[in-house]
Amino acid sequence: MCGIVGYLGKNESKNILLDGLSELEYRGYDSAGIAVLQDKNFSIYKAVGKLQNLKDKTKDFTSEGFSVGIGHTRWATHGKPTELNAHPHLGENSYVVHNGIIENYQELKKELQDAGVAFLSQTDTEVIVHLFEHNLKTASSAFDAFEKTISTLEGAYATLLVTKGEEETIFFAKQGSPMILGTGKNGDKYFGSSDAPLIGFASEAIYLSDGDYGVVNNEGIKLYNDKKEKSLSFSKLSENRLSAQKDGFRFFMEKEIYEQSDVMSDTLMGRVQDEGINFDEIDPSLFEGINEIKLCACGTSYHSALTASYLFERYAKVRTSVEVASEFRYKEPLLLKDTLFIVISQSGETADTLETLKMAKKAGLKTLTICNVDNSSMVRLSNASILTRAGIEKGVASTKAFATQVAVLWMLSLYTAKLRNSISQEEITKQLHTLREIPKVLKVDDEQHERIKRLSKRYLHGHGFFFIGRDVFFPLALEGALKLKEISYLHAEGYPSGEMKHGPIALADPELFTIALMPTELLYEKTKSNVEELSARDSTICAISSKKFDKSDDDIFITPSDHYMLEFFEMMVALQILSLEISVRLGNDVDMPRNLAKSVTVE
Ligand code: M6R
């Protein structure tokens with residue numbers, strides 16, 4: 001989804017802006033642009049497609065000395081991905097960048113057009129800059145005009161505006177979409193949609209809240225909310241950029257698959273203890289008076305929620321339901337106070353999930369966020385949060401975020417089980433031992449990777465894939481299918497194995513590939529019969545199991561284990577690698593698949 005960067009200072013702003021935009025590429029985009037204001041002149045560059053196109057266009061441009069600059073990667077919502085629709089958008093003397101959606105832009109546009117303003121683009125964003133210039137005609141200062149402009153906007157926005165006449169200033173506002181403001185050691189100012197562009201430049205940052213707006217210039221930062229000046233509260237930023245590099249892997253996704261074992265150790269650290277699960281960040285009182293758990297999320301995070309629903313009911317014996325956030329928002333749901341509302345999100349910024357969290361809070365429910373990004377909107381909004389500790393995830397196709405979400409939720413189910421006395425200490429001790437084994441099964445075996453790579457050449461065509469499994473292997477099947485769809489653009493569906501004969505099996509033929517998840521430690525015989533039914537109808541079967549299945553065409557063998565969750569994690573890695581290698585063979589952009597964005601900050 002759109003990314004924003006901004007810079008005010010004496011360094012070469014072009015490099016800082018382009019570098020910052022590269023850090024935001026993972027969010028997904030289809031065009032990019034920068035505007036630099038120096039010596040009362042704007043230099044503006046825009047390009048459709050990859051950031052490299054913008055880099056090529058700006059190769060002869062330099063901005064030595066003091067300047068202010070804003071930059072943007074656009075993920076098209078209103079209007080096609082063209083240069084005209086790319087940000088920054090121009091008024092007469094000002095430029096603006098924006099992430100989010102201005103919901104009342106049509107009314108505002110009409111009013112401005114009636115007043116004689118000409119619009120160049122099809123975007124909602126352009127109203128911001130024209131409205132600002134319109135207000136400037138009657139306002140006592142540029143700041144007053146900006147404040148008035150912001151108060152007129154409805155919807156979601158993180159926006160930066162620069163204007164002639166205030167050449168040493170950047171105006172900013174945040175509502176609904178993320179924005180971070182950093183300062184460097186020499187007083188330089190930086191903006192970013194996440195902290196990634198700031199790391200290495202800024203030493204501390206303010207994570208702006210909804211309703212925040214203000215102005216930065218050489219004299220400092222003025223921050224307001226609801227027309228009142230706010231004090232500045234800075235957090236220290238990490239100075240280590242290394243974690244965001246590819247470390248010799250071909251793709252971030254590949255690096256992130258290989259990292260899973262290490263990050264999982266971090267996820268478990270201090271939480272898996274000798275007697276039980278410990279979460280320093282939550283208080284057991286969070287579960288007092290709770291008779292139901294509702295999990296809400298989107299995409300891959302929804303799949304971890306579904307996985308968790310089996311574990312909560314099985315171990316904690318608590319009624320658990322799972323909701324797709326975009327559906328939940330508008331279904332007029334029954335929100336009862338004895339429900340613990342848990343949102344799951346890698347980014348903590350997904351608009352639909354964030355909205356459901358607001359709904360639950362408003363209805364007076366206790367809320368908990370499971371998230372990978374500290375200080376994200378969801379973390380800040382909920383009563384309590386547990387961080388997954390996966391580190392920055394850059395590949396659009398989520399991998400290590402999913403693995404760590406499932407581990408946190410599994411631990412949480414045991415934590416809740418202990419509070420509710422629904423599980424014996426013996427069983428807890430056994431599971432603590434199993435949890436400690438996860439990093440081991442997540443270690444990618446090079447030979448296994450090579451085998452899957454060779455196998456992948458047989459799965460590049462056909463009319464579709466069924467990923468099937470039972471119990472927690474059903475959400476894993478959904479996740480396997482989503483991974484494949486996202487990066488290979490092949491049609492794939494996840495199904496509970498037992499559902500096939502209720503319709504989908506009609507599609508079975510040799511060109512229909514079944515990826516069968518066949519754990520030996522959970523419902524093996526039941527799953528086996530379902531796979532046999534597909535094999536009897538000539539579907540091509542790739543079985544993932546520790547046991548040889550005599551009706552399979554291909555096999556991916558995993559290590560025999562004594563717990564189904566260890567089989568779950570090892571199969572997850574195999575599915576991730578299979579998708580990755582199919583995508584590579586098809587020549588796709590693994591890290592930035594078409595049409596997708598890493599952080600979906602619009603509904
Ligand atoms: O940041 P979130 O976990 O809230 O994001 C939710 C989905 O957009 C995300 O999981 C998406 O499905 C990924 N591309 C999956 O690989």
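Sequential numbering from 1 along the given sequence is applied to the chain's residues. For ligands, and for the atoms within them, numbers begin at 1 and follow the listed sequence. Computed over heavy atoms, backbone and side chain alike; hydrogens, waters and symmetry mates excluded.
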At what distance is the nearest protein heavy atom to atom 8 (O) of ligand 1, and which residue and atom is it? Val600 CG2, 3.9 Å
For ligand 1, which atoms have a heavy atom of Ser301 less than 4.0 angstrom away? 2 (P), 3 (O), 10 (O)
Counting non-hydrogen protein atoms only, what is the nearest one to atom 1 (O) of ligand 1? Give residue, atom name and distance. Ser347 OG, 2.7 Å
Kindly confirm or rule out an N or O of Gln346 lying under 3.5 angstrom from an N or O of ligand 1. yes
Testing the 3.5 Å rule here: is there a donor-acceptor pair between the side chains of Ser385 and Glu281? no
Side-chain donor-acceptor contact under 3.5 Å, Arg585 with Ser456: yes
Which protein heavy atom lies closest to atom 10 (O) of ligand 1, and at what distance to 0.1 Å? Thr300 N, 3.1 Å
Would you please indicate if the ring centroids of Tyr258 and Phe249 are separated by under 6.0 Å? yes
Taking atom types as modelled, is there a side-chain donor on His449 or Glu581 under 3.5 Å from an acceptor on the other? yes
Does the side chain of Thr123 pick up a donor-acceptor pair with the side chain of Asn85 at under 3.5 Å? no
Closest non-hydrogen protein atom to atom 6 (C) of ligand 1, residue and atom name please, with distance? Cys298 O, 3.3 Å
Regarding Gln260 and Gln576, do their side chains bring together a donor and an acceptor under 3.5 Å, going by distance alone? yes
When the ring centroid of His78 is compared with that of Tyr105, is the distance short of 6.0 Å? yes
Leu596 to ligand 1, any heavy atom closer than 4.0 Å: no
Atom indices of ligand 1, in the order listed, that fall short of 4.0 Å to a heavy atom of Ala397: 16 (O)
Report yes if the distance between the aromatic ring centroids of Tyr213 and Phe172 is under 6.0 Å, otherwise no. no
Under 3.5 Å side-chain donor-acceptor pair for Asp554 and Tyr459: yes
Pull out every atom of ligand 1 sitting under 4.0 Å from any heavy atom of Ser398, numbered as shown with elements. 15 (C), 16 (O)
Between Thr367 (side chain) and Ser382 (backbone), is there a donor-acceptor pair under 3.5 Å? no
Any idea which atoms of ligand 1 are less than 4.0 Å away from a heavy-atom of Ser345? 1 (O), 2 (P), 3 (O), 4 (O)
Would you mind running through ligand 1 and noting each atom that sits below 4.0 Å from a heavy atom of Val396? 13 (C), 14 (N), 16 (O)
Proximity to ligand 1 by part of Glu486, non-hydrogen separation under 4.0 Å: side chain
Please check whether Met378 reaches ligand 1 - meaning an N/O of the residue sits under 3.5 Å from an N/O of the ligand, judged on distance alone. no
Tell me, which protein residue and heavy-atom name are nearest atom 5 (O) of ligand 1, and how many Å apart are they? Thr350 OG1, 3.4 Å
Below 4.0 Å from ligand 1: does a non-hydrogen atom of Lys483 turn up there or not? yes
